[in-house]
Amino acid sequence: MADLPKTYDPAATEERWYDAWLAGGYFHADETREGERFAIVIPPPNVTGVLHMGHILNNTLQDVLARFHRMDGKNVLWMPGTDHAGIATQNVVEKHLASEGLTRHDLGREAFVARVWQWKEEKGGVILRQLKRLGASCDWERERFTMDEGLSHAVREVFVRLYEQGLVYRGQRIIHWCPRCLTALADEEAVTSEGGETGSLWHIRYPAEDGGPGLTVATTRPETMLGDTGVAVNPEDERYAHLIGKRVQLPLMGRAIPVVADALVDKDFGTGAVKVTPAHDANDFEMGQRHGLEPLCIMEPNGIINAAGGAYAGLDRFAARKRVVADLEAQGLLEKTEPYRVPVRRCYRCDTVVEPYLSLQWFVKMAPLAGPALRALEDGSLRLIPERWNGVYRHWMETIRDWCISRQLWWGHRIPVWYCDSGGHEIVSRTDPTSCPHCGGALRQDPDVLDTWFSSWLWPFSTMGWPEDTATLRRFYPTDALVTAADIIFFWVARMVMAGYAFMDQCPFRDVYLNSIVRDGQGRKMSKSLGNSPDPLDVIAQYGADALRFTVVSLAPVGQDVRYDIEKTELGRNFANKIWNAARFALMHLGDGPHPDPAPLARGRESEGTAQDGFDSLPRSGGGLGRGLADRWILSRLQGAIEETRTALGAYRFNDAASALYRFIWGDVCDWYLELSKPALYGSDEAAKRAVRATLTTVLDQTLRLLHPFMPFLTEEIWQALPIARPTASICIAPYPTVDDAWRDADAEARIGQLIDAVTSIRNIRAELGIAPTTPLTVHIAADGQGEHVQAIEPFIKALARVGAVELLGNERPSGEPSSVVAGLGEVFVSLRGVVDAAQVRERLEKDLGKVEKDLKSVDAKLSRPDFVDKAPADIVEKERAKAGALRERRATLQKHLSVLRQA
RNA sequence: GGUCGCAUAGCUCAGUUGGUUAGAGCGCCUGCCUCACAUGCAGGAGGUCCCUGGUUCGAGUCCAGGUGCGACCACCA
């Protein structure tokens, strides 16, 4: 143990312990085990994904919860898995094919899908292996994939049920179409960039049919005019009243189109006249329906203008735009081109500009599903943390639109619908039909697949075996918490709630913790394209998984984004190293053990009765198990740390828990207790030594357990090295500490608090007056009948403040010598005779006096205001009075010393 | 256009229901390789708590308005 290295080496321990945990089966959730349980499902990362900093934070938080509840005696299930990520995965494999000069069409559907599966088996799910490096305590025996047989079964069941309920339907709609991915997208998958993109608003003249002036329309997508079948104006707009019902010429296309009146048109925007292109704009489609304007599709799915585009056929949509504008200009019909911020939507997968496109797609009618999901928030079945997301969730639910679920891809769950061409029947079935049940005709299955999220929204119960009635479902559904990023509230969280009620009659989780977004040092969102996201595996290699975990948890407050750069990980690394060295120190002094289970040890105080003078005789004389003041103090502080940690974790205030542990371990344990323990450990009193060792053991054992959910590897490594009788084979399943009020000790906290004040003040004097650490000082303590206590404190003062001698004073105060006075323990006078000259001391005392007088003045001012004394609560006033009294006393002492010094 | 969030030390941020002298980490300055730890120890400097007004005995904290950032939503072509 004494040969432990001076710095902690995570690489040497992490893998070893992770393997041991797996071998021990600690992460496996057993549905047959009785008792409380805690369930959480992982937000399934894309099977194509690699770990980034967002995952690190998200999964560390989940792991903290899982490990905390596991240690707290619960039957914990943390369900892991991956998402098949339709477009993303298909893109990856198509890219591979492209490098071989092939397209998916060269392979054909079946072979292509087989190829994707092959890729998935060989290369997919890297991210889960990376999560193990982080220490994630998932139940890996249950790893799921959204295209597993069981989950596919759930998807099929849900589709059929919704169809039977009339909630799934097929229709011609304007949807967001990605001309590169060649598929429809959901509204949420077509993303706008903030403030729009740079573009133009073109003003185009449409002459009247009779050759009159006609009107001018404004558009940001001039190429769509090729598909115009009308022009709309506001019915109230007098400028155009004479044209309503007439026709105007559509330039470039040589056809006339009607002018209609529609309230949707804003008189004040642009020219107040809108070209209507029903096949290429959602609003225009609606207006077209109202006024009988036929949709005219002018574009191939890949964005190339089709034959309906006349002379522009064969041009890409953006090339066509340029040509159209040029031709209009040439004909003198382009009246104006003004710069304009255009609200462009792009494909969330490939960033291609999305085209509003009229096509036949499958939809889910969402409004009926939204009701229970809204009520869940109202009645408290669902809690969003932080709460401010409630509004976002509610607004989305209240204005919900139907969900386009069909995708023109090959990779995904095939839509379970068959069409009978001879009879025109549509068959939706739980099992694959072979022929039309109505007319016996031949069938062909819908070629499309379902949106990836159509499987994700079932994740909390599909992973547990639904639609079968499984033991896992009965035991672990609904889950307790969901930890995820706020950017998928709509994609995933809201839809899961709806599915939970629709198919399980229950909210799938109680608490949804929306974790921070991880940004880089400049506040930019971390992204692959910016290259500003460090590879977490590099960070782990350099600093250790525990260091990374602790750092990100510390940095992420509830509801705020977190800025991370790699150097910040030093916070966690240094902390790990600090703990490591505290353990080295302890192990060096603990001997081989085993030490008795610390819990039953008496506190010393009880065994020695109450001391009326307020100071116990110290347990050095207590015979074996009695504890000293410092021991009592740290054990009391430990209770505070346990309470703070538990409270913070219970409220999902992870960073508060982390900082409570940081302060306790670094501040209380290392800075003070270990130093306070040295006089005994290096002394010759065997009884005192035993007491300190017992305390040290308790504190380390409890602290490591408290910290384990945050830093699992380090804590296991040290815990296993402790010379104690371990109750469990691994700290993973050791009981999480609970507060024991019997160990709370206000008296010890007050006294060590005083000691800390005194020591700090003495150190301060030394530093300020430039007294070398080696120069011995003499300290006089006005004990005022507390002599015993002071004697007990003496070795601590000597050790911590590097004081040569401690002298007790009776009623007499040191006078006639240069002295500095500090607070704490009544009064402490530091003898500076022969160390520094009187002028320096005087300067210091005057400075102190100045401060005291300033404070006293402000307190007195407060106390002299009748309003304050009359209206403030009594305890607040009392505090102020006490403060004034203390300040007056201190002022008197300082003045006395100064008068002596001035005479000298 | 709507909704929401943020503004505190040079930097990144804590500050729970209004109540002693507003805190931490990093950075900076001074002194220390003191027998667990220089990934460390001790001490220190550094703040108009964005602005204005209001409520209150008392405001970093509550209210109103303003300014500046940021996020989300939205059919303004």
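We use all heavy atoms of the structure for the numbers below, so side chains are in, but hydrogens, waters and symmetry mates are not. Throughout, protein chains are lettered first and strands after them, A, B, ... in sequence-line order, and every chain is numbered starting at 1.
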Name the nucleic acid region contacted by A:K879, choosing base, sugar-phosphate or nothing; use a 4.0 angstrom heavy-atom cut-off, strictly under. nothing
With a 3.5 Å limit on both atom pairs, tell me what B:U61 is paired to, counting Watson-Crick and G-U wobble, or say none. none
Using atom CG of A:D268 as one end and atom P of B:C76 as the other, report the distance to the nearest whole Å. 16 Å
Does a nitrogen or oxygen in the side chain of A:Y393 sit under 4.0 Å from OP1 or OP2 of B:U3? no
May I ask you to verify if any side-chain N or O of A:R763 is less than 4.0 angstrom from the OP1 or OP2 atom of B:G31? no
Quick check on side-chain contact (heavy atoms from CB on, under 4.5 Å): which of A:E355, A:R221, A:H280 does A:R317 satisfy it with? A:E355
Counting only side-chain nitrogens and oxygens, does A:N574 get under 4.0 Å of the OP1 or OP2 atom of B:G40? yes
Using whole Å, report how far CG of A:D875 lies from P of B:U20. 11 Å
Distance criterion of 3.5 Å, no angle test: do you see the side chain of A:K578 paired donor-to-acceptor with the base of B:C37? yes
Find which nucleotide of RNA chain B each of A:D671 and A:D867 is nearest to by heavy atoms, and output the residue with the more 5' nucleotide. A:D671
Out of B:A42, B:A77, B:U12, minimum distance to the side chain of A:K568 belongs to B:U12
Rounded interatomic separation in angstrom, taking CD1 from A:I665 and C1' from B:A24: 16 Å
Whichever of A:A218 and A:K6 has its nearest RNA chain B nucleotide further upstream toward 5': A:K6
Separation of the P atoms in B:U56 and B:G15, to the nearest angstrom: 28 Å
Using the P atom in both, what is the distance from B:G44 to B:U3, to the nearest Å? 49 Å
Here the distance between atom C1' of B:U16 and atom CD of A:E644, to the nearest Å, is 12 Å
Rounded interatomic separation in angstrom, taking CZ from A:R321 and P from B:A77: 12 Å
Is the centre of the A:F575 ring less than 6.0 Å from the centre of the A:F710 ring? no
Could you tell me how the ring of A:Y652 sits relative to the ring of A:F654: parallel (under 30°), tilted (30 to 60°) or perpendicular (over 60°)? perpendicular
Just N and O in the side chain of A:R802: are any of them under 4.0 Å from OP1 or OP2 of B:C32? no
Base of B:A42 paired with side chain of A:E768 (donor-acceptor, under 3.5 Å): no
Qualifying residue, where the test is side-chain contact (heavy atoms from CB on, under 4.5 Å) with A:I765 and the options are A:V836, A:V822, A:L777: A:V822
State yes or no: are the ring centers of A:Y393 and A:W389 separated by less than 6.0 Å? no
Rounded to whole Å, CZ of A:R584 lies from C1' of B:A38 at a distance of 13 Å
